[in-house]
Each structure stands twice: as structure tokens, then as C-alpha cells.
Amino acid sequence: MTIVLTPVWSNGVQKLKVTSKPAAPRPARGLLPPAHDDSVHAIRCINQLRSKEQGIEKYIYLSQLKDADPNMFYKLCLSNMAEITPLIYTPTVGDACLQFSHIFRRPEGLYVSIKDKGNIGKVLRNWPRIDEARISVVTDGSRILGLGDLGVNGMPIAIGKLSLYVAGAGIRPESTVPICLDLGTDNEKFLEDPLYLGLRQRRVALSEMSEFMDEFMREMAAVFPKLLVQFEDFATDKAFAYLESFRHRYPLFNDDIQGTGAVVLSGFLNAAKLASEASGRPLAEHRILFLGAGSAGVGVGMQLMSFFKLQGLSTEEARERIWLVDSQGLIFDDRGPMAEHKKYFSRKDYSGPPMKNLTDIINYIKPTALLGLSTIKGAFNQEVVETMSALNPRPIIFPLSNPVRLSECEFHDAVEWSRGKVIFASGSPFPEEQFDGRTLYPGQGNNMYIFPGLGLGAILARASAVTDSMVEASSLGLSNALTADERADDLVYPRIERIREISTDIACSVIRAAQKAGVDRSTDLRGLSDAELAEFVRSKMWVP
Ligand SMILES: NC(=O)C1=CN([C@@H]2O[C@H](COP(=O)(O)OP(=O)(O)OC[C@H]3O[C@@H](n4cnc5c(N)ncnc54)[C@H](O)[C@@H]3O)[C@@H](O)[C@H]2O)C=CC1
Ligand SMILES: CC(=O)C(=O)O
Ligand SMILES: [Mg+2]
């Protein structure tokens with residue numbers, strides 16, 4: 001027997017009903033080989049996975065295993081997080097997206113295209129598990145990782161993120177809804193590919209897309225009243241526009257802007273302490289330079305304002321400690337017209353000639369931290385890392401672009417060029433390195449640490465909106481989750497194997513923030529002590 005706590009709703013207030021249910025039935029006698037045993041089968045499955053050489057073959061195997069035997073798939077994920085996450089998520093999911101129309105075997109998720117405009121509700125109602133739906137990752141495929149416009153081939157990113165919701169936060173598999181919106185693609189290669197699975201047309205105009213998005217969100221709320229929406233990998237202008245237009249009307253967040261902001265703030269809080277211990281400079285004196293000023297760069301910049309405010313700086317003082325560089329160089333007012341989202345961090349204190357060379361910019365700003373969200377492979381070259389190392393006893397260098405092949409810098413190089421001093425976190429994983437007889441560990445500054453716990457907290461609180469305070473709480477929850485052992489190894493993020501524990505901490509912080517903001521509709525959770533709340537969160541996690 002399994003004990004089940006079911007939330008029941010009465011007059012908008014949630015109560016818990018305790019019931020028990022029998023364990024899942026075994027297949028009838030004769031339908032499994034005589035010596036079949038689940039624990040041995042787990043070994044068989046991991047051996048089959050490891051026998052495949054290419055990442056994409058492993059991805060296909062895991063995708064089929066998930067379809068055939070979701071329990072075993074998630075069991076393997078949970079017991080081999082460090083090995084399997086890079087296969088179902090970045091970097092391998094990037095290859096899966098690029099090749100999606102060629103490796104496609106079976107439909108998974110929901111496709112809503114511009115041809116459905118006017119009938120979107122009807123399409124959504126075709127989803128087979130409407131009542132169970134709690135979390136949807138929605139992409140329009142217009143900026144998948146750093147790989148650009150992949151159109152409907154972006155579906156694997158929604159699927160991969162949702163697999164991490166299940167593995168990392170115990171969201172029930174049947175509660176997840178991957179959605180890919182097909183509004184056309186400007187990817188020439190795909191438009192000419194006879195196997196491409198999306199509409200063979202260019203992206204529609206922004207005005208038409210906005211009408212589509214209004215209808216889509218309205219129908220989502222009507223068809224799935226308990227659903228939280230995560231916007232994923234929309235091109236930057238749309239990412240900002242749709243977050244702003246919908247976040248006050250529906251429970252939703254943008255992972256690239258807010259999730260990435262939260263994960264980097266968290267790692268930065270820990271990294272800055274290590275760097276300040278080495279330099280003796282106060283935390284408030286950190287200076288942060290970004291290469292890349294898109295949804296991720298600006299989203300992280302906005303969230304890092306909290307780092308300085310936590311040190312007692314005013315909003316204006318916080319903003320002055322952040323510099324942004326885009327493809328045209330340092331962003332400053334006198335440079336001329338610029339996209340709306342870049343204006344907030346545009347410098348008013350520089351009016352010289354355009355400054356493009358990254359080393360020159362570093363020598364001018366003297367940053368303590370260099371963050372990459374530019375999609376430019378190798379942009380943090382030897383000269384850049386050495387310049388940062390000459391300025392700082394422990395330079396903070398976070399090449400955060402995905403997937404691995406677009407990373408601004410590899411961990412091995414960063415360690416060598418900084419003579420082992422670098423404090424490093426990257427968007428996609430790198431192996432640990434030996435230097436001077438010590439083992440050095442790279443952090444993975446990826447929103448995968450945040451969204452499972454943020455989503456779980458928002459779902460359990462039945463939040464009517466995802467507030468800035470909830471996003472910040474997820475970040476602080478993560479930065480406080482480091483154990484003494486992890487701190488002793490100079491880690492800035494916890495080990496991924498502890499993801500469920502971390503997601504519990506994050507979810508609790510998010511629920512408390514939702515309560516404070518008054519957006520929680522599960523008001524009975526307000527009366528729980530912190531220990532009871534953590535127990536409640538754990539009890540809600542699905543276990544394969
Ligand atoms: N680690 C993580 O958790 C996350 C990482 N990312 C990664 O961040 C990257 C950027 O994403 P978005 O901001 O949404 O994309 P985007 O395309 O909007 O932004 C890229 C930015 O880099 C700048 N850039 C391009 N070439 C440059 C050059 N040569 N020198 C300097 N700047 C240059 C562009 O001007 C733009 O400001 C992607 O690789 C994405 O995978 C995004 C979200 C989360
Ligand atoms: C990690 C992620 O969300 C991205 O690279 O877009
Ligand atoms: Mg993303």
C-alpha cells in the first residue's frame with residue numbers, strides 16, 4: 001500500500017485528503033520472462049545505454065525507454081543524474097533538436113500552429129490528460145539554446161526540461177505538457193528539408209504572432225485551470241514582450257530571463273564570497289561584465305542587481321556595477337539607437353569611441369567577474385582569461401552559453417590560463433580537472449537547478465502569479481543549499497545528485513514567498529511550520 005495525500009478544494013481553499021492506494025500491479029503471469037526482476041533490469045538498461053557511443057544514439061534509446069517504461073527511465077535518471085542529465089538535456093538535447101525531423105519516431109507533446117488560430121482551444125482539448133496537467137513548457141522554437149531558429153524542431157527542449165521537472169522535483173509525469181508553437185521558421189535549411197516536421201513557411205509578423213499568443217494564453221487558462229506555464233527559448237524581443245504582457249494575468253515565468261537570472265545570482269553569491277576572501281575586497285565592490293545582452297544576459301543582469309542590494313547598495317549604485325557588451329561592443333548611451341531591453345544597463349559614464357575588443361573593455365572596466373551569454377565559442381580566450389587573472393587573485397569566469405560547443409571557454413583552458421585560480425561555472429557540463437595536485441570542480445550555472453523547484457513551489461502554493469520575490473527566493477534557496485563538503489571543495493552550486501533535496505528547499509522558499517506576496521491559493525499551507533512544509537513538499541514528490 002502507498003499513502004497518498006490528495007489536495008481537495010473547497011471554496012477556493014485547499015485541504016489534504018489522506019488515502020491509500022495499492023502498489024502498481026505486476027503484469028500477469030506469463031507476460032514477463034520467468035527471471036525478470038526490476039533491479040536486474042535497471043542494470044540491463046544502463047548497460048544498453050552505455051554500450052552506445054554517440055550522444056544522439058543514447059538520447060534516442062532514453063527517449064524510447066521513457067515511452068516504453070517511464071518508471072525505469074526515471075529510476076535510471078535519479079540514480080545516474082550526472083551521467084543522464086547531459087543526454088536528455090544540454091548538450092545532447094541540442095543535437096536532438098537539430099536532427100529532430102530526422103530522428104522522430106513517435107509524437108510526444110502538443111503542437112499548436114498558426115493554422116490553428118481561432119481554434120486553439122479545440123486543439124488544446126485534444127490533450128489526453130487535461131485534468132492532471134500542472135506544468136507546461138512552451139517554446140516557439142525561435143532561439144533554441146544558442147542554436148538559433150529551429151522552428152518545430154525545438155520540441156525536444158520542452159520535453160527535456162519537463163523530464164527534469166519529473167526527475168528533479170518529482171512532478172508526476174502525467175502532469176507535464178510539452179508544447180511547441182509553430183509560427184513558421186526562418187531557418188532556410190529546414191524550409192528546404194523534405195523531412196522537416198513543421199509548417200513550410202516563414203515566421204509570421206509580430207502582430208499576427210501577438211494575436212495568436214493572446215488567444216493561446218486565454219485558452220490555456222480556460223482548458224488547463226491548474227497549469228503553470230514556463231516560456232522557453234523564445235527569441236529575445238518576444239521573450240521580454242510576452243513575459244511582460246502575460247505575467248500579471250496568468251501563472252507563468254520565462255526560464256531564460258528569470259530562471260537563468262536566479263541560477264546565476266545563486267552561484268554568484270557563492271562565487272563572490274570565495275573571490276572576496278582571496279582579494280580582501282568587500283562584496284559590494286564586485287564589478288560584473290557581461291558578454292551578451294540578449295534575454296539571458298539582461299535577465300541575469302536584472303537579477304544580479306539583488307546581489308548588490310543585499311550588500312546595502314541602492315538601485316542606482318547596483319546598476320552602476322554592471323556592464324554589458326553585445327556584438328557591437330560596450331553598450332553606452334552615446335553609441336546610438338539600441339533595442340529596448342538593452343537600455344537599462346546602457347552606460348552613461350562613457351562617451352568615447354566604440355569599444356569592441358574584449359580585452360580592452362576588461363582593462364577599462366577592471367571587472368571581478370566575466371559572464372558569457374553571447375553564443376560565441378571561445379570568446380574567453382587565453383588573453384581574456386589571463387587579463388582577468390592579472391586583475392583578480394580569483395577571477396569569476398562564467399561562460400554560460402549552451403550547448404558545450406558554443407561555450408565561451410572550456411574548463412580545462414580556464415584552469416590552465418588562470419593557473420588554477422578561476423572560479424568557474426558554465427551553462428553545459430565540463431569534467432573536473434587536476435591542477436597542481438588538486439582536483440578542481442566546474443559549476444554548472446544552468447537554470448535546470450532552479451525551474452524544477454520554482455515550478456514545484458508555485459504549483460503546490462497554487463500561485464496565481466510568479467512574482468519577482470518568488471524567483472529571488474528560489475535563488476537564495478539554492479545558494480543556501482551548499483553542504484559543508486561542497487563548500488570545502490569550493491563549489492558554487494550543489495552536486496546535481498542532490499537535486500531532489502535542493503528542489504525541496506527551493507520549493508519551500510518559493511511557497512513562503514508566494515504566501516508573503518499573497519498570491520498563494522493553497523492558503524492552508526500558511527499554518528505549517530517550516531519542518532511540516534518541507535515534509536509536505538517531499539510527500540508530494542512522485543517517486544518512480
Ligand atoms: N546557462 C543557462 O542556464 C542559460 C544559457 N543561455 C544561453 O545564453 C545564450 C544567449 O541566449 P539569449 O540571450 O537568449 O540569446 P540572444 O541571441 O538574444 O543573445 C545573444 C547576445 O550575444 C550578443 N553577441 C553575439 N555575438 C557577439 C559577439 N561576437 N560579441 C559580443 N556579443 C555578442 C548579441 O548581441 C546578443 O546580445 C545562448 O547560448 C543560451 O543557450 C540561455 C538561457 C539559460
Ligand atoms: C539552459 C537554457 O535554458 C538555454 O540555454 O536556453
Ligand atoms: Mg532556454
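Ligands are counted one by one from 1 in listed order, and the atoms in each one are counted from 1 as well. Model, not experiment: these values are computed from the prediction.
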If we only count N/O pairs under 3.5 Å, is Gly445 in contact with ligand 1? yes

Which of the atoms of ligand 1 are close to Gly146, meaning less than 4.0 Å from one of its heavy atoms? 38 (C), 39 (O), 41 (O)

Closest non-hydrogen protein atom to atom 3 (O) of ligand 1, residue and atom name please, with distance? Asn447 N, 3.0 Å

Quiz question: by atom type and distance under 3.5 Å, do the side chains of Lys161 and Asn447 form a donor-acceptor pair? yes

Asn381, Thr387, Leu291 screened by side chain to side chain contact (heavy atoms under 4.5 Å, CB included) with Leu358, the one that passes: Leu291

Within 4.0 Å of some non-hydrogen atom of Thr375, the atoms of ligand 1 are 9 (C), 10 (C), 38 (C), 39 (O)

Pair Thr185-Asp149, side-chain donor/acceptor within less than 3.5 Å: yes

Verify the distance criterion only: is there a donor paired with an acceptor across the side chains of Glu408 and Ser374 at less than 3.5 Å? yes

Just need the protein heavy atom nearest to atom 37 (O) of ligand 1, so name the residue and atom and give the distance. Ala293 N, 2.8 Å

Show which atoms of ligand 1 fall inside a sub-4.0 Å distance from at least one heavy-atom site of Thr260. 2 (C), 3 (O), 4 (C), 43 (C), 44 (C)

For atom 8 (O) of ligand 1, the protein heavy atom that lies nearest, with its residue and separation: Leu373 CD2, 3.5 Å

A student comparing Asn254, Ile361, Ile376 should find that the heavy atom closest to atom 27 (C) of ligand 1 comes from Ile376

With under 30° as parallel and over 60° as perpendicular, where do the rings of Phe100 and Tyr111 fit, or are they tilted in between? parallel

Is the distance between the ring centroids of Tyr242 and Phe231 less than 6.0 Å? no

Minimum-distance protein heavy atom relative to atom 25 (C) of ligand 1: Ser374 O, 3.6 Å

May I ask you to decide whether Asp468 forms a salt bridge with Arg247, counting only side-chain N to carboxylate O separations under 4.0 Å? yes

Under a 4.0 Å N-O cut-off, is there an ion pair linking Glu316 with Arg321? no

Looking only at protein heavy atoms, which one is nearest to atom 14 (O) of ligand 1, and what is the separation? Ser295 OG, 2.6 Å

Between Lys66 and Ser163, do the side chains contain an N or O donor and an N or O acceptor separated by less than 3.5 Å? yes

Honestly, for Thr90 the part within reach of ligand 1 (heavy atoms, under 4.0 Å) is neither

Can you tell me which residue and heavy atom of the protein come closest to atom 5 (C) of ligand 1, and the distance to 0.1 Å? Leu400 O, 3.2 Å

So, do Phe268 and His286 have ring centers that fall under 6.0 Å from each other? yes

Can you produce the list of protein nitrogen or oxygen atoms under 3.5 Å from a nitrogen or oxygen of ligand 2, alongside each distance?
residue, atom, partner, partner atom, Å
ligand 2, 3 (O), Lys161, NZ, 2.9
ligand 2, 3 (O), Glu232, OE2, 3.0
ligand 2, 3 (O), Asp256, OD1, 3.1
ligand 2, 3 (O), Asn447, ND2, 3.0
ligand 2, 5 (O), Asn402, ND2, 2.8
ligand 2, 6 (O), Arg143, NH1, 3.0
ligand 2, 6 (O), Asp233, OD1, 2.9
ligand 2, 6 (O), Asp256, OD1, 3.0

With only distance considered, is Asp256 within less than 3.5 Å of ligand 1 through an N or O on each side? no

Could you see which bit of Arg143 sits under 4.0 Å from ligand 1, with heavy atoms only: side chain, backbone, both or neither? side chain

Is there a protein heavy atom less than 4.0 Å away from atom 17 (O) of ligand 1? no

Checking a contact table here: which protein heavy atom is nearest atom 19 (O) of ligand 1, and how many Å away? Gly294 CA, 3.5 Å

Close approach, Asn446 and ligand 1, non-hydrogen under 4.0 angstrom: yes

Suppose the cut-off is 2.8 Å; how many protein N/O/S atoms fall inside it around the Mg ion (ligand 3)? 3

Numbered atoms of ligand 1 (with element) below 4.0 Å of Gly427, judged on heavy atoms: 1 (N)

Is there a donor in the side chain of Thr139 and an acceptor in the side chain of Glu232, or the other way round, less than 3.5 Å apart? no

Are Tyr350 and Tyr364 an aromatic pair by the rule of ring centers under 6.0 Å? yes

Are Glu192 and Lys189 close enough for a salt bridge, meaning some N to O gap below 4.0 Å? no

Heavy-atom proximity to atom 33 (C) of ligand 1, picking from Gly292, Ser401, Ala425, Ser327, points to Ser327

Test of proximity, Thr236 against ligand 1: N or O pairs below 3.5 Å: yes

Only one of Asp237, Asp326, Asp333 passes salt bridge (charged side-chain N to carboxylate O under 4.0 Å, His left out) with Lys342; say which it is. Asp326

Whether Tyr89 and Phe451 hold their rings parallel, tilted or perpendicular, with breakpoints at 30° and 60°: perpendicular

Does any donor atom in the side chain of Ser101 or Asn153 lie under 3.5 Å from an acceptor atom in the other side chain? yes

What class does the angle between the rings of Tyr250 and Phe246 fall in, given that below 30° is parallel, 30 to 60° is tilted and above 60° is perpendicular? tilted

Residues Lys348, Asp334: salt bridge by 4.0 Å N-O rule: no

Just checking, Arg495 and Tyr441: is the charged tip under 6.0 Å from the six-membered ring centre and within 45° of the axis? yes

Can you check whether Phe380 and Trp417 have ring centres sitting under 6.0 Å from each other? no

Option nearest atom 30 (N) of ligand 1 (shortest heavy-atom distance, choices Asp326, Val298, Val325): Asp326

